[in-house]
Amino acid sequence: MKYIFVHGMGQNASSWDKTIACLNNGIQPICLELSDFFTEESCDYQDLYSRFCDYCNQRSEPLNLCGLSLGAVLVLNYAIEFPERIKSLVLIAPQYDMPKFLLKVQNVVFRLMPESQFKNIGLTKKDFLSLTNSMMDLDFTDKLAKISCPVLILCGKQDHVNKKVALKISENILNVQFCMIDHSGHEVNVDNPKELAHILNEFICQE
């Protein structure tokens, strides 16, 4: 079974490596590199989402999508717009109504970081600021009911910013499972990849 993994902001495709190493042999992971979806002219969420849609729509098979943070926003957005294309969905530390204050705080942090810290991600500091600014008005609150496929929602127990949101999403989607991951903050795929893989294996085996 093919599963498409979409990393979070500040990560890259290799952030899934330790999780992928613990997945069952029957799972064929495809780890996207989001920096490949940007152009030099644009680092805007809508452009990123449009290219992500193009990638997904070129695939003929029903899709199994797993996204963390920014990746979760992208796969949630796609599942809402193309519910008939989705076989299963995993949302890790998701947001459905962008927290404007937190995004502004994040931008302040980005401005203080040296440019060198962005090199391994494939984006510049300016790109990050542009991306977060373009996400300020995203709100999927009234569209969550469109999702009908099996959904797994995960969040690290120490991810205090996203726990309540993850639980709230689970209350507004049918056919959903919700799970907290021990010894983990926001980056579950980095903090506790073995436990994440164990939970993914169980969920995927149900499909």
Side-chain angles (χ1 to χ4, degrees), residues 1-38 48-95 120-123 131 147-156 159 162 166 169-170 173 175-207:
M1 177 186 293
K2 293 180 181 178
Y3 235 93
I4 298 173
F5 290 83
V6 190
H7 63 77
M9 189 180 296
Q11 295 189 338
N12 54 36
S14 67
S15 301
W16 296 106
D17 285 354
K18 292 182 179 179
T19 302
I20 298 306
C22 299
L23 292 178
N24 290 340
N25 291 333
I27 301 171
Q28 302 175 46
I30 301 169
C31 298
L32 301 187
E33 188 65 73
L34 288 183
S35 61
D36 293 341
F37 289 75
F38 292 109
L48 169 63
Y49 175 66
S50 177
R51 294 185 180 92
F52 177 71
C53 287
D54 290 343
Y55 171 85
C56 291
N57 290 337
Q58 287 172 6
R59 305 189 69 87
S60 59
E61 75 277 9
L63 300 174
N64 299 291
L65 301 178
C66 174
L68 182 149
S69 193
L70 170 61
V73 174
L74 287 167
V75 302
L76 175 63
N77 196 347
Y78 185 83
I80 288 170
E81 188 169 358
F82 302 98
E84 73 286 352
R85 298 274 294 122
I86 306 298
K87 183 177 180 182
S88 69
L89 192 65
V90 180
L91 305 173
I92 306 173
Q95 290 281 346
N120 292 334
I121 305 165
L123 298 175
L131 179 58
I147 300 173
S148 57
C149 67
V151 179
L152 173 63
I153 297 178
L154 303 173
C155 193
D159 186 0
N162 291 284
I169 293 180
S170 70
I173 296 178
N175 198 11
V176 67
Q177 299 178 42
F178 176 78
C179 185
M180 303 291 291
I181 297 183
D182 292 326
H183 312 298
S184 178
H186 184 61
E187 296 184 272
V188 175
N189 55 353
V190 175
D191 296 338
N192 198 343
K194 289 185 178 180
E195 180 64 17
L196 173 58
H198 172 72
I199 294 171
L200 289 175
N201 285 331
E202 289 192 341
F203 175 71
I204 294 171
C205 285
Q206 297 172 12
E207 301 306 308

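Considering only heavy atoms from C-beta on, Pro193 stays 4.5 Å or farther from Trp16 through its side chain. In this structure, Ser148 and Asn175 have side chains that are not in contact, with every pair of non-hydrogen atoms separated by 4.5 Å or more. Under the 4.5 Å side-chain criterion, counting only non-hydrogen atoms from C-beta, Leu196 is not in contact with Lys18. Within the 4.5 Å cutoff, side-chain heavy atoms of Ile153 are placed close to those of Val176. At a threshold of 4.5 Å between non-hydrogen side-chain atoms, the residues Asn24 and Cys205 count as touching. Proximity of Ile20 to Phe5: side-chain heavy atoms (C-beta onward) are separated by under 4.5 Å at one or more points. Between Asn64 and Lys2 the shortest side-chain heavy-atom distance does not fall below 4.5 Å. In this structure the side chain of Leu63 reaches within 4.5 angstrom of the side chain of Cys56, judged on heavy atoms.
Using modelled atom types and a 3.5 Å distance limit, the side chains of Asn12 and Glu33 yield no donor-acceptor pair. Asn57 and Tyr78 form a side-chain donor-acceptor contact under 3.5 Å, judged by distance and modelled atom types alone. Under 3.5 Å, the side chains of Thr19 and Asn189 contain no donor-acceptor pair of N or O atoms.
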Assess whether side chain to side chain contact (heavy atoms under 4.5 Å, CB included) is satisfied between Ile204 and Met1, documenting all intermediate values.
CA-CA 9 Å; Ile204 294 171; Met1 177 186 293; 3.5 Å; yes
Assess the residue pair Leu91 and Leu68 against the criterion (side chain to side chain contact (heavy atoms under 4.5 Å, CB included)); give the C-alpha distance rounded to whole Å, side-chain angles, the decisive distance to 0.1 Å, and a yes or no.
CA-CA 6 Å; Leu91 305 173; Leu68 182 149; over 6 Å; no
Phe178 vs Leu152, test: side chain to side chain contact (heavy atoms under 4.5 Å, CB included). Steps then yes/no.
CA-CA 6 Å; Phe178 176 78; Leu152 173 63; over 6 Å; no
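Rounded to the nearest 0.5 Å, atoms CG (Asp54) and CZ (Arg59) are 14.0 Å apart. Atom-to-atom distance recorded for Lys194:NZ and Ile181:CD1 is 14.5 Å, nearest 0.5 angstrom. Note that OG of Ser69 is 6.5 Å distant from CG of Asn162, once rounded to the nearest 0.5 Å. Distance check: Gln28 CD to Ile4 CD1 gives 11.5 Å after rounding to the nearest 0.5 Å. We find the CD1-OH distance between Ile30 and Tyr3 to be 12.0 Å, quoted to the nearest 0.5 Å. Taking SG of Cys66 as the start and CG of Leu154 as the end, the distance is 7.5 Å to the nearest 0.5 Å.
For the residue pair Ala13 and His7, the shortest heavy atom distance occurs at N-CD2, 3.5 Å. Minimum interatomic distance between Phe203 and Pro150 (heavy atoms only, all atoms of both residues): CZ-O, 3.8 Å. Looking at every heavy atom in both residues, Leu70 comes nearest to Met9 through CB-N, 3.7 Å. Here the shortest heavy-atom pairing between Ile86 and Cys149 reads CG2-SG, 3.5 Å.
The side-chain contact (heavy atoms from CB on, under 4.5 Å) test with Leu65 singles out one residue from Leu89, Val90, Val6, and that residue is Leu89.
Asn201 places no side-chain N or O within 3.5 Å of a backbone atom of Leu23 that could act as its donor or acceptor partner.
Ring orientation note: the planes of Phe37 and Phe52 are tilted relative to one another, at an angle of 30° to 60°.
For His183, the side chain to side chain contact (heavy atoms under 4.5 Å, CB included) test picks out Asn192, with sequence neighbours left out.
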